[in-house]
Structure formats: structure tokens, C-alpha cells
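A short write-up of the structure that comes next.
All values derive from a computational prediction rather than experimental measurement. Counting starts at 1 for both ligands and their atoms, following the listed order. The residues of the chain are indexed from 1 along the displayed sequence.
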Amino acid sequence: MARNKIALIGAGNIGGTLAHLIGLKELGDVVLFDIFGGVAAGKALDIMQSGPVDGFDANMVGTSDYAAIAGSDVVIVTAGFPRTPGMSRDDLIGKNAGVIAQVAEGIRTHCPDAFVIVITNPLDAMVWVMREKSGLPHHKVVGMAGVLDSARFRLFLAQEFNVSVEDVTAFVLGGHGDTMVPLTRYSTVAGIPVPDLVKMGWTTQAKVDAIVQRTANGGGEIVKLLEKGSAFYAPAASAIAMAESYLKDKKRVLPCAAWLTGQYGIRDLYVGVPVVIGAGGVERIVEIRLDAAEKAAFEKSCAAVRELVEAAKRLVG
Ligand code: PYR
């Protein structure tokens with residue numbers, strides 16, 4: 001059986017980490033694309049040379065020629081500019097909308113059957129640009145944000161409760177921005193919802209509120225620390241979880257920016273919700289019941305995403 005082919009558009013920090021994880025997990029062969037073809041080729045060769053040590057077989061090439069992504073099963077897009085301290089993700093729209101439109105053209109031409117995962121910010125609006133300009137079906141184009149945001153939420157909860165991250169599940173809905181909605185009611189330690197843990201005296205509501213706030217600022221906290229660039233290890237790991245679920249038809253339930261057609265009362269918008277990812281792409285949108293406050297927060301987040309999509313339309317529409 002031939003190996004899967006995975007194209008990574010952008011050979012920066014996330015692109016390189018993605019390629020390394022793909023090797024370590026033996027998910028397939030990699031084409032690392034970047035306008036700086038030498039950087040892409042250098043990283044591809046370097047990572048491939050770690051194969052004999054780590055015990056993986058993968059062919060990895062770097063290129064600045066879109067033709068090399070032909071026939072890819074999965075494309076993960078990180079091309080574009082990252083934030084610098086003081087910037088919000090939304091501030092990137094002017095720079096990144098045009099970049100994503102160009103990448104979408106390359107995907108439309110060379111691998112229109114791929115499953116496409118967008119990581120570039122501002123995330124939800126960039127997924128919209130990718131879908132519009134690539135012409136791929138909506139269920140084959142998604143955004144990586146919810147897995148990352150809930151990983152951050154899980155970590156902070158695990159630290160607060162002094163338990164393994166493995167036993168913490170967490171749920172984050174909405175856009176990948178300041179308005180994201182971490183849902184404590186659907187976040188658990190070994191199945192026990194966080195509000196019950198507050199009642200059990202494991203923590204206080206004030207501490208949970210602070211964790212929710214830290215989760216929403218999770219990307220910004222790292223941008224401030226790095227001073228140059230934004231997070232890359234956790235974003236790459238999150239996108240790999242999505243790619244693996246697609247390639248292995250695992251049907252994992254993962255929060256992703258997915259196209260809503262009336263679910264949650266929202267129509268024609270890419271925004272973060274739980275979905276099932278399998279060989280069919282986004283196979284199902286999971287619609288959970290929200291209380292009035294959660295619904296209001298989700299709708300506020302959707303309104304913020306819609307504004308960004310309108311701005312993207314003016315730029316590349
Ligand atoms: C984040 O760290 O949240 C990004 O969006 C990269």
C-alpha cells in the first residue's frame with residue numbers, strides 16, 4: 001500500500017514541527033512547500049535524516065513549486081504572517097487573506113481531493129477564504145483551533161486539580177479569538193463536570209474563571225513570551241490529531257472550525273464546534289445543548305467571526 005502524501009504549506013516553525021511529528025508518527029510522506037524553497041528543502045532533509053535514529057521511514061521534500069503537492073491526501077496550511085506582541089489575531093487579516101487565496105488556488109489546481117486543515121490566523125476567516133477560493137466541498141476544509149484551545153484549557157485544569165492531563169476533557173466553542181467560549185459545564189475530570197468539582201471543594205469558581213480567561217488569552221500569552229512569532233508545538237500537535245483522524249478514519253470528536261448550515265442556529269459560517277472527523281472529512285457536526293449564557297457567548301463569538309469574514313470578502317472576495 002502506498003504511503004499517504006501530506007502537503008505542508010509554509011515551512012516556518014509550525015510547518016517544520018508538523019513534518020517532524022508526521023515522521024515520528026509515520027503518517028506518510030511529506031511535501032514541505034514555502035516561497036523560500038531552500039528553507040523548505042533544508043528542513044525536509046534535516047527531518048528525514050532523523051528517521052534512521054528515530055526509526056521512521058518517510059520521504060520528505062521541500063519545494064517552492066505548487067506542482068509538487070499534486071495528489072496530496074491532506075494539506076495543512078500555515079502560510080502567512082504570525083502575530084507580534086501587542087497584535088490580535090484579527091490584525092493579521094490584511095496580510096494573510098491574500099496569502100491564503102493564493103494557496104487555495106494551488107490546492108484547487110493540484111490536489112482538489114485533499115482534506116485541508118487551515119492554521120493561519122485570523123483562523124475562522126482564513127478557513128472561509130480557503131474554501132471560497134479553492135472551491136473544495138465544505139466538509140473537506142476545516143480550521144485548527146478548538147483542539148489547541150481545549151488542550152490549553154485541559155492543561156490549566158489539570159494543573160489546578162493536580163491530575164493527569166489525560167484524565168481531563170475540555171470543551172471550547174466559537175471563534176479562535178478573544179471571544180472564544182470555554183465551556184466548563186462540558187469539561188470534566190474523569191467524567192466529573194468542572195461545576196461539580198467546584199461544589200466538591202476541589203477548586204473555587206474564581207479560579208475556574210481565571211483559567212477560562214487564561215485559555216482565551218492562551219495564544220497571546222505565548223506571543224508575549226516569545227517576543228518574535230507565535231506558538232508552534234501545540235498548534236502542530238493539534239493539527240496532526242485532526243489529520244490522523246482523517247487518514248485513519250478514526251472518527252474522533254474534535255472541536256474544529258467547521259461550516260455551519262443551521263446548527264446552533266448559525267448558517268453559512270465557519271466557526272468552532274465539535275465535529276466527527278473520519279475518512280469522509282467532517283462527517284458530522286455535534287450539536288450540544290447550550291444554556292442561555294453559553295448561547296449568548298457563542299452568538300457574540302459568531303458575530304465577531306462574521307465581521308472578519310466581511311473584511312476578508314472586501315480584501316479577496
Ligand atoms: C495560537 O497560538 O493560538 C495560534 O493561533 C497560533
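Glu283 and Lys251 are joined by a salt bridge, as a carboxylate oxygen and a charged side-chain nitrogen come within less than 4.0 angstrom of each other. Salt bridge status for Glu310 with Arg306: absent, with no side-chain N to carboxylate O gap under 4.0 Å.
No more than 12 heavy atoms of other residues, nucleotides or ligands lie within 6.0 Å of CD in Gln102, so this atom counts as exposed by the packing criterion.
Every residue two or more places apart in sequence or in another chain that forms a salt bridge (Lys or Arg N to Asp or Glu O under 4.0 Å) with Asp291 is listed here: Arg185.
The closest side-chain donor-acceptor pair between Asp209 and Gln213, if any, does not fall under 3.5 angstrom.
Protein residues are said to neighbour a ligand when one of their heavy atoms lies under 4.0 Å from it; for ligand 1 these are Arg89, Asn121, Leu148, Arg152, His176, Gly219, Ala231.
Between Tyr246 and Phe115, the ring planes lie parallel to each other; the angle is under 30°, not in the 30° to 60° tilted range.
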